[in-house]
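One structure below.
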Amino acid sequence: MTQSASRNTNDLAAAMAGRAKNLRRHMLRMARGQGQGYIGQGLGIADMMAVLYFSELRYSPDDLQRFDRDRFLLSTGHYSIALWAALAEAGILRHDELDSYGRDGSRLEMSAIDTTPGAEITGGSLGHGLGLGVGMAVGIKTLAPQARIFVELSDGEMQEGSTWEAAMAASSFRADNLVALIDCNGIQADGAIVLDMEPVAAKWAGFGWDVQEIDGNSIPALLAAFDAARARDGKPKAIVLRTLPGKGVATLEKREKAHFIRVDASEWDQFERELEETGG
Amino acid sequence: MRRNGISSNASWRKPVAEARRTLGMGEQEAVEGATVEAPFGKALAAAAARDDRIVGLTADLGKYTDIVPFATAYASRFYNVGMAEQNLIAMSAGMAKIGRVPFCTTYGVFATRRAYDFVAIACAHSHLNVKIFAGLPGLTTGYGGTHQAIEDTGLMRLIPGLTVIDPCDATDLAQAVDVALATDGPFYVRLLRGLVPVVLDPATYKLRHGKATALRQGADVAIVSTGFMTQRALAAANALQAKGIAAGVLHVPFLKPFDAAAVAEFAAAARCVVTAENHVVSGGLASLVAETLFDAGLTRPMARIGLPDKFIECGSVPGLQEKYGLMDADIARAATGLLEKKGRK
């Protein structure tokens with residue numbers, strides 16, 4: 001690697017770290033307004049969302065329906081807090097609208113639906129996103145060969161059988177324009193993963209996918225994984241992301257791993273301070 | 001003779017008498033009278049010739065859902081996803097998301113019982129252009145409770161924004177393809193496969209979105225029917241005519257949107273109402289008609305012809321249809337029973 005390429009890579013990583021920190025700020029702002037939320041998951045995938053939206057995804061904030069755009073499908077609709085943060089950071093949603101998150105009449109629902117600008121699908125009924133993504137990837141391949149479909153899904157979501165129906169179809173139809181981003185954060189509704197899903201990477205490989213397994217909170221690892229996924233042909237790609245729920249806010253990183261976090265009003269100042277001082 | 005959209009050579013769907021056994025997969029009852037083979041697949045292939053947005057999908061039941069004429073002619077637009085009905089519907093939704101118009105097939109039992117959440121959320125919640133054609137509705141197979149979709153229209157009509165059609169014959173089914181293509185949004189259509197009778201005259205009958213069609217007028221009894229039971233309703237009306245009873249037949253192919261105005265008007269013009277459907281008698285057509293009469297403030301004696309609240313056993317299709325009362329004689333008997341009861345009061 002040349003000196004200048006190395007410096008560019010470092011610059012890109014630093015820029016993405018800045019974006020990730022902004023996403024975390026947006027999420028704390030939204031969750032503070034609600035007093036609760038799926039903030040553990042949102043903070044955990046903030047690094048992935050930053051690299052995805054600001055380095056990898058080809059889209060135009062001014063022309064969201066452009067046909068040959070890349071598409072990001074948030075299958076875990078309850079991670080919407082991360083999606084709204086990314087859409088605001090990308091200039092698709094107004095920052096002040098984030099304050100309406102989860103409130104009556106708000107477009108920014110607790111579980112993402114596809115009527116909000118920038119949200120491609122209605123997620124949240126788990127096990128839907130990958131199948132939708134396969135249909136989009138297979139259907140669009142001959143119409144817009146450059147368009148790629150990115151689908152976020154979670155380790156708990158892999159317990160839905162439809163995930164594997166879609167996984168089989170993706171490799172059978174050689175959907176190499178499809179990238180699954182599998183957030184393995186080790187939590188689900190009833191607590192820590194209640195049904196063991198390991199070995200995650202081997203399962204996806206066994207279903208015919210090109211698999212990478214990375215630290216989902218490492219920006220250099222994320223950049224490299226997206227580069228590798230982009231460079232390979234013939235198979236759908238799975239990136240297994242090992243993420244830490246609550247990442248970037250020390251207190252939340254240490255808190256008992258919970259699917260849905262309720263927070264005392266007095267804690268928010270501390271969380272924001274922790275994020276600014278050390279996190280992200 | 002062409003009258004009220006009814007084909008002149010329409011005949012009773014009379015199966016060959018000796019075949020009183022459960023037929024194998026793909027075996028067909030022999031049918032007397034005019035038929036069309038694979039009307040769905042032919043209509044889909046014809047539509048695909050003029051609309052390149054159309055894609056076809058199936059879940060390992062292409063041969064048995066008559067999609068072969070399309071799949072043969074447009075192989076590059078056909079996807080067989082294997083035995084995976086949730087993914088069939090999810091992939092179809094994904095196709096619709098990028099502007100294709102997917103027509104997908106499986107059996108009704110799988111499209112409903114297995115894939116319900118995907119029909120509701122992936123398709124209907126996003127108002128996507130997914131057209132589901134679902135085979136073996138009600139008692140059209142002898143394969144027993146695992147394969148008979150006896151409660152499908154009831155389930156599907158509860159999904160907001162989903163159009164639900166139970167076609168009468170080859171004419172209705174072929175036109176359902178065109179109506180589905182011309183109407184934005186998700187469709188669930190009951191599929192009649194193989195040699196499908198021609199009851200409605202394709203030259204004069206027109207399937208219109210959300211509309212019922214009065215095939216015959218009669219002041220004594222209003223028979224409100226859907227699916228292949230409309231053919232039997234017409235036969236029953238003929239039999240009643242011979243006894244001096246005037247029976248009208250209103251064919252209601254759309255369970256949703258439901259043509260409540262036409263049903264109320266039709267029922268108001270008669271002394272009693274008989275509903276006829278190839279479906280359990282609660283949750284489907286009969287329930288819709290009862291709700292409609294109540295909403296309209298109409299009181300009419302009513303009888304419901306359809307299936308009981310029971311999983312049906314294996315057997316020959318004609319044998320099961322006779323046992324569970326889906327015959328024209330059952331409709332006629334219900335009508336005379338209502339009129340006699342009313343006369344005694």
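In this text, all values refer to a predicted model and were calculated from it rather than measured experimentally.
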Is the number of heavy atoms from other residues, nucleotides or ligands within 6.0 Å of CZ (A:Phe67) greater than 12?
yes
Count the heavy atoms belonging to other residues, nucleotides or ligands that lie under 6.0 Å from NZ of B:Lys211, then report whether that count exceeds 12.
no
Can you list the residues of residues 60-67 of chain B that sit under 4.5 Å from chain A, counting heavy atoms only?
none
Using residues 179-191 of chain A as the side-chain source, report each donor-acceptor pair under 3.5 Å to any protein atom, sequence neighbours left out, with the distance given to one decimal.
residue	atom	partner	partner atom	Å
A:Asp183	OD1	A:Thr243	OG1	2.5
A:Asp183	OD2	A:Tyr79	OH	2.7
A:Asp183	OD2	A:Asn185	ND2	3.3
A:Asn185	OD1	A:Ile187	N	3.1
A:Asn185	ND2	A:Tyr79	OH	3.1
A:Gln188	OE1	A:Gln159	NE2	2.9
A:Gln188	OE1	A:Val194	N	2.7
A:Gln188	NE2	A:Gln159	OE1	2.9

Looking at chain B, which one of A:Leu130, A:Ile113, A:Leu143, A:Thr163 has the largest number of heavy-atom pairs inside 4.5 Å, strictly under?
A:Leu143
Most heavy-atom pairs under 4.5 angstrom with chain B, which of A:His128, A:Glu120, A:Met136?
A:His128
Inter-chain contacts: residues 85-100 of chain B against chain A, heavy atoms under 4.5 Å
B:Glu85, B:Gln86, B:Asn87, B:Ala90, B:Met91, B:Ala93, B:Gly94, B:Met95, B:Lys97, B:Ile98, B:Arg100
Positions in residues 106-137 of chain B that reach chain A, provided some heavy atom is under 4.5 Å away
B:Asp117, B:Phe118, B:Ile121, B:Ala122, B:His125, B:Ser126
State whether the number of non-hydrogen atoms from other residues, nucleotides or ligands found under 6.0 Å of A:Arg174 atom CZ is greater than 12.
no
A:Thr142 versus chain B, the contacting section by heavy-atom distance below 4.5 Å:
side chain
Assess whether atom CZ of A:Arg230 is packed by more than 12 heavy atoms of other residues, nucleotides or ligands within 6.0 Å.
yes
Can you tell me which portion of A:Ser172 sits under 4.5 Å from chain B's heavy atoms? Options are side chain, backbone, both or neither.
neither
Give, as side chain, backbone, both or neither, the part of A:Leu73 having an atom under 4.5 angstrom from any heavy atom of chain B.
neither
Neighbour count >12 (heavy atoms, 6.0 Å) for atom CG, A:Asp63:
yes
Can you tell me if CZ on B:Arg208 sees more than 12 non-hydrogen neighbours from other groups inside 6.0 Å?
no
B:Asn80 portion near chain A, given a 4.5 angstrom heavy-atom threshold:
backbone
